[in-house]
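Here the structure is laid out as structure tokens; the discussion comes afterwards.
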Number of protein chains: 4
Amino acid sequence: MLDAAVRIFGQRGYMAASMDEIAELAGVSKPLVYLYLNSKDDLFSACIRREARALTEAVRAGVCPGLPADGQLWSGLRAFFTHTARNPDAWRVLHLHARTHGERFAAEVAAMREDIVAFVTQLIAAAARDAHRRPHLPEGEVAGLAEALVGAAESLADWAGATEGVTAKQAAATLMNFAWAGLGDLMAGRPWVAPEDPQADPEQAPVAPSVPAAQAG
Amino acid sequence: MLDAAVRIFGQRGYMAASMDEIAELAGVSKPLVYLYLNSKDDLFSACIRREARALTEAVRAGVCPGLPADGQLWSGLRAFFTHTARNPDAWRVLHLHARTHGERFAAEVAAMREDIVAFVTQLIAAAARDAHRRPHLPEGEVAGLAEALVGAAESLADWAGATEGVTAKQAAATLMNFAWAGLGDLMAGRPWVAPEDPQADPEQAPVAPSVPAAQAG
Amino acid sequence: MLDAAVRIFGQRGYMAASMDEIAELAGVSKPLVYLYLNSKDDLFSACIRREARALTEAVRAGVCPGLPADGQLWSGLRAFFTHTARNPDAWRVLHLHARTHGERFAAEVAAMREDIVAFVTQLIAAAARDAHRRPHLPEGEVAGLAEALVGAAESLADWAGATEGVTAKQAAATLMNFAWAGLGDLMAGRPWVAPEDPQADPEQAPVAPSVPAAQAG
Amino acid sequence: MLDAAVRIFGQRGYMAASMDEIAELAGVSKPLVYLYLNSKDDLFSACIRREARALTEAVRAGVCPGLPADGQLWSGLRAFFTHTARNPDAWRVLHLHARTHGERFAAEVAAMREDIVAFVTQLIAAAARDAHRRPHLPEGEVAGLAEALVGAAESLADWAGATEGVTAKQAAATLMNFAWAGLGDLMAGRPWVAPEDPQADPEQAPVAPSVPAAQAG
DNA sequence: AATGAATGAGCTTTCATTCAT
DNA sequence: GATGAATGAAAGCTCATTCAT
């Protein structure tokens, strides 16, 4: 029954998906759906939880624990891209629709995401330790790098899903090239250095969104 | 009037946004919205077009043409993160909602995106030329790398928008570190190398999504 | 300005006609229409009155007063069919739409109609007198016959308007054949005689519409 | 449920009838109406079909097959007037509103009407044969006469419905007198003869509607 | 345990009608 | 005198949700 829901939600989005359609695809009657899962919100939530768990477990199961950090990352990425490619609707639910509709769902996905980010963060830290040097990476930077890596992975998953003929392995390799070579340099103490910035820098402070004037008609 | 629409669409998404709400926020009556912009679809489309143009122009205006490739990328990224941070609803419309609701809108955003991808691609190629070496980057790989870079930027924009205290400059710096140091290695002929893969490799072929069983109830 | 209104009302009907369309076709702005004619109702009413007057005057002008009764009827019918054929929208307004929408308008048309019925009634009576015989037509019957004749004329006007290649003269001739030959027999004392009716006759009393049961779902 | 629809449609017309009103009169909620009959159009169509069938069947059932032509016509007319008098809203839907709103509905009614016209045509032809004479009626004329008869019947139905104290039997008798006595003469070779027409005859050719000047304000 | 039948609430869209100018 | 600009009110239609069975 959740399968049907994931499929419909993945293809239509939360709002455009109708309970009728889901019930029909599941081959059951609508009241039954309400009996098992109380409401559309709860149904969506259940989908998110199930698929979030499935994705994290797929990644965790794919990581080979004994390897060095890059090998672990490589294996994890391959598992990630494989899973998202095999469950495109689930991936759309998690990455697209859950973030699109309401704080509650976004939070559920964010929890899963932080799981993965934490794992990657620890990988990066471990790699830095392995380098047997003074930590060239400031602590605070690691979080941003992990975010970037995970974000790039997510985008590449979308891209691989939308582009014919891109395998999970290729996507993983592209990302490893893009990321690890760069991380490698960073960890070896060769960061990219910003050029001089002669002008005053208005973006120094956290940017506040400028509220557009409400009266525009 | 479009301002209000962007704000509502950005927060609620296309389907959950109601014309009532948009009109109210704009301070006008609903029929007026229909007088100026013919329908909900057209209104959404107008929002997308306006914001897509605003974003591309902001990036283009932010790039400093005389600099070397990494300097150009750096300045472009800063403009990008600044713009998205200042217009979070616009960014949500473009990156989240437009891709979620229907081919027509997705296509309008895809056009904008390809603009940017093309710009980045050319930057990468230029950087490779500047290295005065034999091209160590296979041609086909550049497209994937540009995708990864743009995707990472998009994800970091989301992240910066959602995380307190991250400035546009910091986001840009993180991404430059993550990407350019890596690209630098790549262009210097030091790609990351995948470890041996002893097992059979089921992901070699393009993955086909396994259709979930329809009968699950 | 009324011309435009008649045209639009004739083609679309009262409800489907929009004041926008009428104003546009008239080449003026909408508030001007409201300045001259206070509301949609009044505009429709004005159309009806103008066209009703035009029709009655056309018929009156077409009748040749010196002729015997059948000659007068013949000339009147030709004028009638000619006018309706030349002003199809006006005819549709009077015969179709005015009777379709609300008591008020129906009453205005009914007044015009009674004008004509009265004229025909008097013609029939005159013809009966001309026959130099005892009146074979009971008084009460004349009204019904006049109704039938006018009704047949109206229907034939619709038919002639909808059928290619039927001239006003042909329509008039068909109706004269149909009606006068019959009336001639009647006035000559040779009415059609109903066959014996052995069963009880439930329609003797004025029929009351059977109210359908309201609860049918 | 259709009963309520026929009643509302008959009184208000297609456009002025609201689904709310129909549902309320039917004693059900609006969505239920949409569940059973998909749209306002379909609902109207269903009304037309039901009432058209009911009317034709009532007429067919009322005709006594063994009688001579005039007797059959007499019985058919009585059934017709009885049915229309008993179902005034249905009659308004068929005769007034269905022809007023759109080709699709007009066509459905036209089909029913042609049924009846064909029946009458055949009756007239049979009567002419029964007269044991050379056919005095030119073939082409029969169509026009049948039209006139049916049209007169329709108009008389309206009239009988609008006039207090007119029974179905009286309406039928009036029409028989009006029509059959006339047809009798025609079939006996005594048509009405048009007087000489000394003037030029502008209506000889099929009349073309004079387009009213659009600019009148 | 399972559903056919039903609905309240809300959506997009339209249109007769009116001011401020 | 004439109108561009604006709106209140209502219509068709949909859907998440619930009883009675």
Side-chain angles (χ1 to χ4, degrees), chain A residues 1 5 8 12 14-24 26-44 217, chain B residues 1 5 8 12 14-24 26-44 217, chain C residues 1 5 8 12 14-24 26-44 217, chain D residues 1 5 8 12 14-24 26-44 217:
Chain A
M1 190 146 72
I8 299 290
R12 301 252 191 289
Y14 177 81
M15 292 281 332
S18 92
M19 297 297 271
D20 281 285
E21 212 176 357
I22 291 172
E24 191 188 15
V28 299
S29 73
K30 225 180 343 172
L32 198 59
V33 180
Y34 279 88
L35 191 66
Y36 281 73
L37 299 143
N38 281 325
S39 67
K40 199 187 186 182
D41 264 39
D42 286 0
L43 173 56
F44 195 48
Chain B
M1 193 145 68
I8 299 291
R12 300 258 189 285
Y14 178 82
M15 295 247 33
S18 93
M19 296 299 270
D20 278 289
E21 211 175 359
I22 291 172
E24 192 186 16
V28 298
S29 74
K30 219 180 352 169
L32 198 60
V33 180
Y34 279 89
L35 191 67
Y36 282 77
L37 300 143
N38 284 323
S39 68
K40 199 184 184 183
D41 260 42
D42 285 3
L43 174 56
F44 195 47
Chain C
M1 191 146 71
I8 299 290
R12 299 252 191 290
Y14 177 81
M15 293 281 328
S18 92
M19 297 296 272
D20 281 285
E21 211 176 356
I22 291 173
E24 191 188 15
V28 298
S29 75
K30 225 181 342 173
L32 198 59
V33 180
Y34 278 88
L35 190 68
Y36 280 74
L37 299 143
N38 280 325
S39 68
K40 198 187 186 184
D41 264 39
D42 286 0
L43 174 57
F44 194 47
Chain D
M1 194 144 68
I8 299 290
R12 299 257 191 287
Y14 177 82
M15 295 251 24
S18 92
M19 296 298 271
D20 279 288
E21 210 177 0
I22 291 173
E24 191 187 16
V28 297
S29 71
K30 215 178 359 168
L32 198 59
V33 180
Y34 279 90
L35 191 66
Y36 282 75
L37 300 142
N38 284 323
S39 67
K40 198 184 185 185
D41 260 40
D42 285 1
L43 174 56
F44 194 48

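Here is the naming used below: chain letters follow the sequence lines, and residue numbers restart at 1 for every chain.
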Which whole-number value in Å describes the distance from D:E21 CD to F:dA11 P? 8 Å
d(CD1, C:I22; C1', E:dT14) in whole Å: 16 Å
Can you name the closest pair of heavy atoms from B:V28 and B:M1 and give their distance? CG2-SD, 4.0 Å
Checking B:D20 now: which residues fulfil side-chain hydrogen bond (donor to acceptor under 3.5 Å, both in side chains) with it, not counting sequence neighbours? B:K30
side-chain hydrogen bond (donor to acceptor under 3.5 Å, both in side chains) filter on C:D42, not counting sequence neighbours, yields C:R104
Can you name the closest pair of heavy atoms from A:I8 and A:A17 and give their distance? CG2-CB, 3.6 Å
For a quick check, with a 4.0 angstrom heavy-atom cut-off, what is the B/S/- contact string for nucleotides 15-21 of chain F, read 5' to 3'? BSBBB--
Spacing of C:F44 atom CZ relative to E:dA16 atom C1', expressed in whole Å: 16 Å
For E:dA5, take OP1 and OP2 only and decide whether either is under 4.0 Å from a side-chain N or O of D:Y36. no
When every non-hydrogen atom of B:K40 is compared with those of B:M15, the smallest separation belongs to NZ-O, 3.5 Å
Roughly, in whole Å, what's the span from CG in B:L32 to P in F:dT7? 6 Å
If the condition is side-chain hydrogen bond (donor to acceptor under 3.5 Å, both in side chains), which residues does A:E21 pass it with, not counting sequence neighbours? A:R12
For the student: nearest non-hydrogen atoms of B:A23 and B:S29, plus distance: CB-C, 3.9 Å
Pairs under 3.5 Å (Watson-Crick or G-U), crossing ones as [ ], inter-strand ones as |: DNA chain E comes out as .||||||||||||||||||||
Do C:D41 and C:Y14 have side chains that approach each other closer than 4.5 Å (heavy atoms only, starting at C-beta)? yes
Nearest-Å distance, CD (B:E24) to C1' (E:dC11)? 16 Å
